[in-house]
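The following block contains the structure, expressed as structure tokens.
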Protein chains: 2
Amino acid sequence: MQKWERSQKVADLSTIEEIAKEAGVSRSTVSRVINNDPNVNEQTRERVLEVVNSNNYVPNRAARKLAGGRTGVIGLVIPIGVSRLFVEPFFPILIQSVTNRCNQVNRSVMFWLGEPEYERRSITQILSNDLLDGVIVSSLKDQDPIVAALHHSQIPFVLIGRYRDLPVNFVDIDNEKCAQVAVNYLLQTGRKRIATITGVADTMVSRERLDGYRATLAKAGFAVDNNLIAEGGFVEEGGYAAMAKIFPHKPDAVFATNDAMAVGAIRFLREQGVRVPEDVGVVGFDDAPFAASYKPALTTIAQPIGELGRRAVDMLVNVIEQQPNDVMNEIFASDLIIRESA
Amino acid sequence: MQKWERSQKVADLSTIEEIAKEAGVSRSTVSRVINNDPNVNEQTRERVLEVVNSNNYVPNRAARKLAGGRTGVIGLVIPIGVSRLFVEPFFPILIQSVTNRCNQVNRSVMFWLGEPEYERRSITQILSNDLLDGVIVSSLKDQDPIVAALHHSQIPFVLIGRYRDLPVNFVDIDNEKCAQVAVNYLLQTGRKRIATITGVADTMVSRERLDGYRATLAKAGFAVDNNLIAEGGFVEEGGYAAMAKIFPHKPDAVFATNDAMAVGAIRFLREQGVRVPEDVGVVGFDDAPFAASYKPALTTIAQPIGELGRRAVDMLVNVIEQQPNDVMNEIFASDLIIRESA
DNA sequence: CTTTAGAATGGGAACGCTCCCAATATCTGA
DNA sequence: TCAGATATTGGGAGCGTTCCCATTCTAAAG
């Protein structure tokens, strides 16, 4: 009930003008204080701050926005369907890390999840949503029109995962390198017929991981057998189906480009009476929370998902506030976690 | 590229005043049209609408709010930590269904995910976030101060899951009844020592499921053995640990109050060489996406999660627009899905 | 043909903030 | 001691809406 009273008090002095009066200064001075303008006398600042805090004053975001300021609201757009959203741990972790960081830096998050497909309406809604200071977009398909639209608009934005066609701000991991590490490990452990299960076509991340797979195999002097490549759409069922397609071609290892598909693949193998890792080694990708406790525990590439989300927020805030001329990129390292499955 | 040009056009005529000029009417008339005021000549309305549409005009939400209108933004608050968020499929599905419905009814979603704990600051931030028309809250603990705060403020809100201490709007399932169905099924199949793994203490949902378990057992003439009750915190690890505690007391069945814990319990049982369902039957709760493909396929209670989310949105929109005097409640039915684990 | 109710429309004021410029207070050095 | 900076502060204007009241127009009634 105490908190209840506090929140009651919120309503008492709720405009900048009221705070100003209480503190014995002008509206402008209060504005300067809450916006960290250096041109304020230190004592005045303290006095104002005290009134602000004791009244639990929070500036009205709508008014602030209208007057040309910022709202402190960041948009998060993840254009994928339900099926992936709740199967891949990537997304909950990402969402969590983005929202947490936003809260830390005193921002709110507005959310758009995978519409079946962008229509003009959705994009318009996001872009012309005057409440947003900036936007974070993850898991794009190639040519997703939202990027061009965002790029053309003046709204600051950051991608999680890179984009080919335009110079944009992004954070990402080095997918090609990751694939290389995974495949090399498989090669080192003596595998000869290494398959791969790819994610979603039209996707940078899928393409890069596949490129890495191909390049590494080629470099090691192995021919790439297209029968050993199948698409799994990043979901467990897809991994199962892809494994079914690949299996007749006698792989002795599989690089599944995420853990959900690795699990699907293992499920298929198990049903065939194939032992993992003895007969076929499986490497996943993501280091999902279940990866360690799964039987067999998954050998997998650990993406710093939380770090990606946090950095995306920081980068976006930086773009919003500093308006730099150059685009910013940041590539994160990932590790191979060796466990039981390969 | 076409879409790009469209979004360019958005910027052209972007204020109500410009639209008014273009349509040859006043600001007020345009406002009436976009707010569906009946006092507008039909021809005028059409003309205005045409200009609005061809210019892809969207009213400025900040201005609208400031002038006393609505923003069309709904807050979604889910006060749980990461650990549950990405382990329980309940949340992604809920989030997805809420955001989708919001998009359908032309609303945006603003998001607060499980802070370690509410501080005054968080609540203030949510409540005094003048950008919100209303709030949906899910997965509360008892006495969560946000409910009292919300209740006291004038902000319309709807809970997903009921709340004991105050008359509030909510949607929910009948947890007690569900538990009854699950336990009765176990009894019917001849189980004699039925255990239960509860979720998070201080939680209506846990308490209700436990009450249902107790009542059903009592009604069937069985004594309730507290050794057969353990808390699992709604996570897989917790289910495993709870099963470890219960196991020495020779249960022949377990009602796990969600699927994640059911999986944890089965993992433990398997490690002990116990067969499921032959030696110990396991019933879960949620009908998680993995429940059907799990081995053994989970017998579980199917909650209409998507429906809960959608109805919560509809109810909230109704509250926002109609401002009814009475609180609204809606209880959804759930089904027992019989598969292999019991 | 005039009057009047009602339909349709227009425009001022206000919402709470930031930006900008002007005004005042304080300090510096010769 | 005084001009000229410099530090601090104050207040008007305006952001794009909605609400409310006033005004204009229309058509029916007398």
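Chain identifiers are assigned alphabetically (A, B, ...) following the order of the sequence lines, protein sequences preceding nucleic acid strands; residue numbering begins at 1 within each chain.
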A:R45 atom CZ is separated from D:dT9 atom C1', nearest whole Å, by 13 Å
Q) Taking only side-chain nitrogens and oxygens of A:T29, does any of them come within less than 4.0 Å of OP1 or OP2 of D:dT8? A) no
Between CZ of B:R47 and P of C:dT9 the distance, given in whole Å, is 8 Å
Taking atom types as they are modelled, is there a donor-acceptor pair under 3.5 Å from the base of D:dG12 to the side chain of A:R27? yes
Whole-Å distance, B:N35 CG to D:dG16 P, equals 17 Å
Atom CD of B:E17 and atom P of D:dC15 are separated, to the nearest Å, by 10 Å
From CD of B:Q43 across to C1' of D:dC25 the rounded distance in Å is 15 Å
Quick note, A:A67 side chain, CB onward, closest among C:dG16, D:dA13, D:dG10 is C:dG16
Open item on the list: Strictly below 4.0 Å: does B:R64 bring a side-chain N or O up to OP1 or OP2 of D:dG16?
Closed with: no
- prompt: Is A:Y57 near enough to C:dG16 that one of its side-chain N or O atoms lies under 4.0 angstrom from OP1 or OP2?
  reply: no
Over all strands shown, is B:N41 touching base, sugar-phosphate only, or nothing at heavy-atom distances under 4.0 angstrom? sugar-phosphate
Review point. Do the side chain of B:N35 and the main chain of B:S31 share a donor and acceptor less than 3.5 angstrom apart?
Key: yes
Rounded to whole Å, the CG-P distance (B:N39 to D:dC21) equals 15 Å
task = Can you label the angle between the B:F111 ring and the A:F111 ring as parallel, tilted or perpendicular, going by 30° and 60°?
result = parallel
field: Heavy-atom check, side chain of B:T44 versus side chain of B:V25, under 4.5 Å
entry: yes
Base, sugar-phosphate, or nothing: which does A:S28 touch, judged by heavy atoms less than 4.0 Å apart?
base
Rounded to whole Å, the NZ-P distance (B:K65 to C:dC17) equals 13 Å
Check your understanding: With distance as the sole test, does A:R107 use its side chain to make a donor-acceptor pair with the main-chain N or O of A:V105 at under 3.5 Å?
Key -> yes
Closest to the 5' end of DNA chain D, once A:G24 and B:G68 are matched to their nearest nucleotides, is A:G24
Of A:R70 and B:T44, the one whose nearest nucleotide on DNA chain C sits closer to the 5' end is B:T44
Taking D:dT18, D:dG11, C:dG16 as options, the one with an atom nearest any side-chain atom of B:I34 is D:dT18
Which of D:dT17, C:dC17, C:dC21 is nearest the side chain of A:R32? It is C:dC21
Q) So what does B:N60 touch, heavy atoms closer than 4.0 Å: a base, only the sugar-phosphate, or nothing? A) sugar-phosphate
Rounded to whole Å, CD of A:E321 lies from C1' of C:dT18 at a distance of 16 Å
Just by distance, do the side chain of B:D133 and the backbone of B:T71 share a donor-acceptor pair under 3.5 Å? yes
Of B:L66 and B:E42, the one whose closest nucleotide on DNA chain C sits nearer the 5' end is B:E42
Short side-chain N/O contact to C:dT18 OP1/OP2 from A:S31, under 4.0 Å: yes
(message) Do A:V171 and A:F332 make a side-chain contact, defined as non-hydrogen atoms from C-beta onward lying under 4.5 Å apart?
(response) yes
